[in-house]
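Here is how names work: the chains are called A, B, and so on, in the same order as the sequence lines, proteins then strands, and each is numbered from 1.
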Protein chains: 2
Amino acid sequence: MKRVTSVDVARAVGVSQSTVSRALADDSRISKETKRKIQKAAADLGYTPNEIARSLQTNKTNMVGLIMADILNPFYPAVLDLMTQQLHQMGKQLMLISVPAGFEVDDVLPSMLQYQVDGVVITSAVLSSHMRDLLQNRRTRVVLFNRSLEDFSVNSVCCENRAASIEVARRLINSGHRRLAIIGGRPDTSTHRERYAGFEEELRLHGLELVGDEIGGNTYDGAYEAALRLMKGRRKPDAIFCIADVMALGALDAVRSKLGMKVPDDISIVGFDDIPPASWPAYDLTTVRQPIRAMVSRTLSLLFDPDNFPPMAVQVPGKLMVRGSARLSAPVAT
Amino acid sequence: MKRVTSVDVARAVGVSQSTVSRALADDSRISKETKRKIQKAAADLGYTPNEIARSLQTNKTNMVGLIMADILNPFYPAVLDLMTQQLHQMGKQLMLISVPAGFEVDDVLPSMLQYQVDGVVITSAVLSSHMRDLLQNRRTRVVLFNRSLEDFSVNSVCCENRAASIEVARRLINSGHRRLAIIGGRPDTSTHRERYAGFEEELRLHGLELVGDEIGGNTYDGAYEAALRLMKGRRKPDAIFCIADVMALGALDAVRSKLGMKVPDDISIVGFDDIPPASWPAYDLTTVRQPIRAMVSRTLSLLFDPDNFPPMAVQVPGKLMVRGSARLSAPVAT
DNA sequence: GTGAAAGCGCTAACAA
DNA sequence: TTGTTAGCGCTTTCAC
């Protein structure tokens, strides 16, 4: 069965194809009567406009590309969920690519651009300068989500990573911890660097330095091993800050189930993100909540606001969720 | 800067536009020399074919639509990850929609079809007969993932839900459990019905019946409450089968942290899916593993195999992962 | 208020 | 081996 086009509708009503197009676009010049007839015929025939043809003509696809580095980190499904829903409400569609391990944005972005997506959201480690130029030349909007670039040459939406990490460090120190360690994610990500820097900076302010720092690769297993390495060190930490919740869960399980330690009595663990399992009683993780909904909204605003120039780095505040995995005393007024 | 088209490449080389098109499609009739020149010019100018225009002409977009009911169930991110990667390898793209709570496939599918996706994968509760007809008329392939229809009118890929659930029941009964209960997901899904039926059937075979059955809505919180309701019943279960891991985690936390029970000493909990947290020491959940990779591969085969007709219901075996959350004795030879 | 016609960037049939 | 031409299904001028 041949697909029904606007020409079929036109023929059925006895008007020209362009009139159909106008009527369905609710053009003010078309008479009420004609519109009604066309709408009826369209419904009867089961006509729906071909977005591909429309896109070719208007040079606008209403598709947004999303390049995700690690969907398997439980932080991201919520992002994805909100993103598709908000886009759908705006009458837009999402094209998704998950970057396989060992690949970069550069490897997958071009295939997405061939589909002429109107904008691209990237939640990945790095964006090469080559790709940045490419996007700029095409005038394809980009927003980095949960990532940023030092030189502000690209839009980005992040949590206030530094500030939040400073708060974590301060609260831990004020509560009597002195041997602090950190489990990082991937050193080539801005989130890693900012959280690491903020945490360490606050330590120095108190005349302390890290008793250990390990890389967990933003995975549960990676952090599990990292925590064990930390606990084998000369100076055993009394608190570990994991820059992502999924790693905090790994660290927690490592010290509890493998080393038989009590949390928070023997050691405090703090995460970042506030993924669903963080609030489950089995973990009861103290962590920094990222305001996902706000971050997604801001991302889409940056993507579609026509006079968003020059690119900007949006930062939204995180919120410390005090739960049971860290021995924290009441905050000190400042 | 205007986007560079095949016409620009043609002009640069001094050939016709169609020659460019052929050269880039590696048409055998074009001379080596011309091809080389065209490829060079294309690279120099940064030309990449416009997939939208190509799609309009070929009536084939190489896009697959994926409609996901609950991305927030930790079972699905792995599916998504594999799906995008396998598609990308095939040179295809994925268009994703997450169905918001309170909406149905019918509400989102049409907007996807306007983009002329070549096929649709659905992991949702129900597919109305109206939509089924629509898809059939358009000759748009559909595969239900982790869902099936009784009448086999649509392709589907599922785990052997019944068989696996029967095995769970048998193992529990053979290990001495007598008061079995179940926490279901959503009664309007095939997975719910099949797992429920298999489990109950095996019980009856042993002259037992469920001491309780509750609905957990496929969420952690829902199952947490459901478990508490079960334990308030007249006959308290000594084993609970949760038809999805995310619910098993909720049930586990409920009986452990809220009721202070020991697992598996006081009660056995078994799940279904084998999501990552299931194997974490904090849960150590006995569950049925769904072979996601195989399921995704089969799904894409069904979608693209040209002579896949009539529709078929593919079933792949699950695998019982025996861990610590259920008191199971060694399997009895049959 | 409506129609005719051009054209978005490509593929593919037909010519040469 | 290459060029010419006709669309794919739409939007959007320009006429009337």
Side-chain angles (χ1 to χ4, degrees), chain A residues 1-39 41-42 45-63 91 111 113-118 138-139, chain B residues 1-39 41-42 45-63 91 111 113-118 138-139:
Chain A
M1 187 203 287
K2 212 185 148 305
R3 231 158 260 191
V4 23
T5 74
S6 57
V7 175
D8 301 323
V9 178
R11 196 156 27 215
V13 182
V15 295
S16 77
Q17 180 273 328
S18 48
T19 302
V20 172
S21 175
R22 289 190 191 110
L24 267 36
D26 205 28
D27 190 301
S28 60
R29 298 169 308 189
I30 304 292
S31 76
K32 281 251 171 297
E33 176 59 9
T34 324
K35 261 186 204 166
R36 204 191 45 69
K37 280 201 290 198
I38 290 178
Q39 271 149 8
L45 296 174
Y47 168 74
T48 44
N50 182 328
E51 281 295 338
I52 296 295
R54 179 179 286 172
S55 297
L56 184 58
Q57 171 65 22
T58 59
N59 204 23
K60 188 159 170 303
T61 55
N62 286 318
M63 295 194 292
S111 70
L113 293 180
Q114 297 196 177
Y115 280 86
Q116 319 295 119
V117 291
D118 296 338
R138 303 173 53 105
R139 312 204 178 298
Chain B
M1 189 203 286
K2 212 185 148 306
R3 231 159 260 192
V4 24
T5 74
S6 57
V7 175
D8 301 323
V9 179
R11 196 157 28 215
V13 181
V15 295
S16 78
Q17 181 272 329
S18 52
T19 303
V20 172
S21 175
R22 290 190 190 107
L24 266 35
D26 205 28
D27 189 302
S28 59
R29 299 168 308 188
I30 304 293
S31 76
K32 280 252 169 297
E33 176 60 9
T34 325
K35 262 186 204 167
R36 204 193 45 69
K37 280 200 291 196
I38 290 179
Q39 271 149 8
L45 296 174
Y47 168 75
T48 44
N50 181 328
E51 280 295 338
I52 296 295
R54 179 179 285 172
S55 298
L56 184 59
Q57 170 65 22
T58 59
N59 204 23
K60 186 160 172 302
T61 55
N62 285 318
M63 296 193 294
S111 68
L113 294 180
Q114 298 197 179
Y115 280 86
Q116 319 296 119
V117 291
D118 296 338
R138 305 172 52 105
R139 312 204 179 298

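Counting to the nearest Å, the P atom of C/dC14 and the CG atom of B/D27 are 16 Å from each other. One can place CD of A/E51 at 19 Å from P of D/dC8, the figure rounded to the nearest angstrom. One atom, NZ of B/K37, and another, C1' of D/dT2, lie 12 Å apart when rounded to the nearest Å. Following rounding to the nearest Å, A/E33 (CD) and C/dT2 (C1') show an atom-to-atom distance of 14 Å.
In terms of the side-chain hydrogen bond (donor to acceptor under 3.5 Å, both in side chains) criterion, residue partners of A/D27 (sequence neighbours excluded) are, by chain and number, A/R29. Shown here are the side-chain hydrogen bond (donor to acceptor under 3.5 Å, both in side chains) partners of B/S18, two or more places apart in sequence or in another chain: B/S16. With sequence neighbours left out, B/R54 forms a salt bridge (Lys or Arg N to Asp or Glu O under 4.0 Å) with B/E51. Checked against salt bridge (Lys or Arg N to Asp or Glu O under 4.0 Å), B/K60 has no partners two or more places apart in sequence or in another chain. Residues passing the salt bridge (Lys or Arg N to Asp or Glu O under 4.0 Å) test with B/D8 are B/R11, sequence neighbours excluded. Legend: residues meeting salt bridge (Lys or Arg N to Asp or Glu O under 4.0 Å) with B/K37, ordered by chain and number and at least two apart, are absent. Annotation: side-chain hydrogen bond (donor to acceptor under 3.5 Å, both in side chains) contacts of A/S55 (sequence neighbours excluded): none.
With hydrogens and angles disregarded, no donor-acceptor distance shorter than 3.5 Å links the side chain of B/Y47 to the backbone of B/Q39.
Overall bending of the helix from C/dG1-D/dC16 to C/dA16-D/dT1, expressed as the angle between end axes built from five pairs apiece, is 40° (10° steps).
No engagement by B/S55 is indicated, since no non-hydrogen atom pair under 4.0 Å with the nucleic acid exists.
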Dump every N/O contact between nucleotides 9-13 of chain D and the protein below 3.5 Å, one line per pair.
{"unit_1": "D/dG9", "atom_1": "N2", "unit_2": "A/A53", "atom_2": "O", "d": "3.3"}
{"unit_1": "D/dC10", "atom_1": "OP1", "unit_2": "A/Y47", "atom_2": "OH", "d": "2.7"}
{"unit_1": "D/dC10", "atom_1": "OP1", "unit_2": "A/N50", "atom_2": "N", "d": "3.1"}
{"unit_1": "D/dC10", "atom_1": "OP2", "unit_2": "A/S6", "atom_2": "N", "d": "2.7"}
{"unit_1": "D/dC10", "atom_1": "OP2", "unit_2": "A/S6", "atom_2": "OG", "d": "2.7"}
{"unit_1": "D/dT11", "atom_1": "OP1", "unit_2": "A/R54", "atom_2": "NE", "d": "2.7"}
{"unit_1": "D/dT11", "atom_1": "OP1", "unit_2": "A/R54", "atom_2": "NH2", "d": "3.2"}
{"unit_1": "D/dT11", "atom_1": "OP2", "unit_2": "A/S21", "atom_2": "OG", "d": "2.4"}
{"unit_1": "D/dT11", "atom_1": "O2", "unit_2": "A/Q57", "atom_2": "NE2", "d": "3.0"}
{"unit_1": "D/dT11", "atom_1": "O4", "unit_2": "A/Q17", "atom_2": "OE1", "d": "3.2"}
{"unit_1": "D/dT13", "atom_1": "O4", "unit_2": "A/R22", "atom_2": "NH2", "d": "2.6"}

